[in-house]
Amino acid sequence: MGSPVEPVNNSAVAEPTDKELIAEVLSGQTASFEPLVVKYQPRVFAIARRYARRENEVEDIVQTVFLKAFSKLSSYKGTAPFEHWLMRTATYTCYDFLRKHQRNREWNATDLSDEENDWFENLGEESHAHTNQEAARALVDKLLDELKPEDRHIITLLELERKSIREIADLTGLSESNVKVKAHRAREKMRKSVDRLNPEKYL
Amino acid sequence: MKPSGNKNMKESEDILRKMLTETREIPVDHVPYAFEKRIMAHIEAAPQAAINLWQQWSQALWRAVVPCLAVMILVAVLDSPEAAAPQPQPAPSAPLTAQTQTTDEDLEAIVMLAIETPTLDR
């Protein structure tokens with residue numbers, strides 16, 4: 001008979017904290033970065049998908065974020081949670097992406113797909129709650145395409161990421177009042193674009 | 001008859017708000033399968049590339065050692081006064097005299113050249 005196997009108490013094996021993992025990475029154990037990637041990649045993907053439409057662009061953004069985070073890990077002071085530092089890096093990377101891929105295209109009602117037209121037509125009906133959310137997303141993308149990168153960045157943070165004005169000011173380096181003014185103007189422009197896109201207006 | 005609320009609903013501000021709300025509700029945090037492996041492969045490849053660069057530089061330096069030594073010896077041999085103009089070897093007891101004599105001859109040649117070439121003294 002073999003010796004009895006000692007039971008492993010899983011609860012006693014505590015997972016390493018972010019700070020411990022970061023210390024290991026900085027001491028040369030590159031593999032310790034993987035748990036950090038696994039833990040935070042859903043958040044980074046969520047941010048990237050607010051800025052890029054194509055999935056390959058989203059993946060490139062996320063990859064850039066983690067490679068930047070790895071290469072600049074020594075600059076992380078540990079005063080704020082690692083998540084905040086990483087999300088800030090993600091936001092900056094997304095803004096860089098916006099500036100490089102500035103579209104500034106003006107869309108018209110004739111550019112809408114069938115699904116987008118249906119979305120407008122079904123407004124106000126009971127069944128609208130279950131209509132295609134992807135059509136709504138495509139329409140929002142069209143509205144955002146018409147904004148300048150900085151305005152788009154602010155609207156994305158405010159309306160889609162649900163960040164506060166103070167957080168946006170902190171992320172963008174603008175004053176809170178400046179963020180408010182830019183957000184108001186950008187929203188006004190979006191509202192006018194809705195008027196232009198809405199096929200119901202022309203019926 | 002449609003209620004008047006429907007008309008208000010179609011006001012552009014409401015439409016925009018609805019669009020944004022629906023967009024927010026779409027789940028966007030899904031991750032492609034084994035995406036972390038892709039990240040780690042890039043991270044592990046990057047330091048490797050740096051190491052390879054140093055290795056290549058080191059190999060190039062070692063390869064340059066032999067030609068550099070050869071050039072150094074060649075230059076040293078050609079530059080020595082004995083190799084340029086073989087002269088009778090001075091007596092080992094009076095090396096300073098021979099050197100002084102060579103220096104005097106060189107000085108004389110320079111002065112003669114200066115006299116023959118008037119543009120030199122301008």
Side-chain angles (χ1 to χ4, degrees), chain A residues 25 28 30-31 33-39 41-50 55 58-59 62-63 65-67 69-71 119-120 123-125 128-129 131-141 143 155 158-162 187-188 190-198 200-201, chain B residues 1-69 72:
Chain A
V25 174
T30 310
F33 194 67
E34 189 168 345
L36 292 170
V37 177
V38 172
K39 186 175 178 184
Q41 59 184 354
R43 288 284 323 273
V44 180
F45 263 99
I47 293 176
R49 285 201 179 93
R50 298 290 186 210
E55 201 55 24
V58 171
E59 289 180 11
V62 177
Q63 183 179 305
V65 169
F66 281 111
L67 294 183
F70 180 79
S71 63
W119 190 90
F120 274 113
L123 272 171
E125 291 181 9
H128 192 264
T131 55
N132 193 357
Q133 287 178 322
E134 283 299 330
R137 187 193 174 180
L139 285 165
V140 169
D141 278 339
L143 300 179
I155 286 290
L158 187 70
E159 300 290 353
L160 300 178
E161 291 281 311
R162 304 300 269 175
R187 222 187 135 92
E188 188 60 20
M190 287 175 86
R191 198 188 57 71
K192 284 179 183 166
S193 300
V194 169
D195 273 348
R196 196 179 60 250
L197 285 177
N198 188 359
E200 298 286 300
K201 290 269 177 187
Chain B
M1 190 181 116
K2 282 189 174 180
S4 60
N6 277 3
K7 254 187 176 177
N8 292 338
M9 177 82 180
K10 289 188 182 181
E11 289 294 324
S12 51
E13 182 60 35
D14 289 343
I15 295 173
L16 177 59
R17 197 174 301 136
K18 195 164 182 59
M19 252 182 222
L20 290 168
T21 307
E22 287 192 20
T23 304
R24 267 198 305 272
E25 285 169 359
I26 299 173
V28 284
D29 60 352
H30 53 278
V31 176
Y33 176 71
F35 191 78
E36 66 277 6
K37 301 290 176 202
R38 172 175 156 179
I39 302 285
M40 293 311 293
H42 273 92
I43 286 172
E44 279 156 18
Q48 199 63 37
I51 289 167
N52 287 344
L53 203 68
W54 282 115
Q55 277 177 350
Q56 284 171 10
W57 177 242
S58 160
Q59 281 170 1
L61 285 180
W62 277 114
R63 261 187 243 123
V65 165
V66 175
C68 283
L69 278 173
M72 196 178 80

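The sequence lines fix the lettering, A, B, ..., with proteins before strands; numbering per chain opens at 1. Keep in mind that what you see is a predicted model, and the values were worked out from it rather than measured.
Only the backbone of A/Ala31 comes within contact range of chain B, with heavy atoms under 4.5 Å apart. Using a 4.5 Å cut-off between heavy atoms, B/Met40 contacts chain A through its side chain alone, with no backbone atom that close. For A/Arg162, the part lying under 4.5 angstrom from a heavy atom of chain B is the side chain only. Proximity to chain B is limited to the side chain of A/Leu67, based on heavy atoms less than 4.5 angstrom apart. For chain B, no part of A/Glu188 is nearby; none of its heavy atoms comes within less than 4.5 Å.
At a threshold of 4.0 Å, the pair B/Glu13-A/Arg187 counts as salt-bridged, since one of the basic side-chain nitrogens sits closer than that to a carboxylate oxygen.
Counting all heavy atoms, side chain and backbone alike, B/Ser12 lies closest to A/Asp195 at CB-OD1, 3.2 Å. Between A/Thr30 and B/Ile43, the shortest heavy-atom contact is CG2-CG2, 3.3 Å. Shortest non-hydrogen contact noted between A/Glu59 and B/Phe35 is O-CZ, 3.6 Å.
At a threshold of 4.5 Å between non-hydrogen side-chain atoms, the residues B/Met19 and A/Trp119 count as touching. Counting heavy atoms from C-beta outward, B/Val31 and A/Phe45 have side chains that approach closer than 4.5 Å. In this structure the side chain of B/Glu36 never reaches within 4.5 angstrom of the side chain of A/Phe33, judged on heavy atoms. Proximity of A/Arg137 to B/Glu22: side-chain heavy atoms (C-beta onward) are nowhere separated by under 4.5 Å. Counting heavy atoms from C-beta outward, A/Leu143 and B/Leu16 have side chains that approach closer than 4.5 Å.
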Set out, in order, the CA-CA distance, both residues' side-chain angles and the distance that settles side chain to side chain contact (heavy atoms under 4.5 Å, CB included) for B/Ile15 and A/Phe120, then state yes or no. CA-CA 8 Å; B/Ile15 295 173; A/Phe120 274 113; 3.8 Å; yes
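The CG atom of B/Asp29 sits 11.0 Å away from atom CD1 of A/Ile47, with the distance rounded to the nearest 0.5 Å. Atoms CD and CD1, on A/Glu134 and B/Ile26 in that order, are 4.5 Å from each other to the nearest 0.5 Å. If you take CZ on B/Arg24 and CZ on A/Arg50, they are separated by 8.5 Å, rounding to the nearest 0.5 Å. Separating the CG atom in A/Asp141 from the OG1 atom in B/Thr23 is a distance of 7.5 Å, to the nearest 0.5 Å.
For B/Lys37, the side chain to side chain donor-acceptor pair (under 3.5 Å) partners at least two apart in sequence or on another chain are A/Glu34. Legend: residues meeting salt bridge (Lys or Arg N to Asp or Glu O under 4.0 Å) with A/Arg49, ordered by chain and number and at least two apart, are A/Glu55.
The greatest number of non-hydrogen atom pairs below 4.5 Å with chain B, out of A/Ala136, A/Ala135, A/Ser71, is found for A/Ala136.
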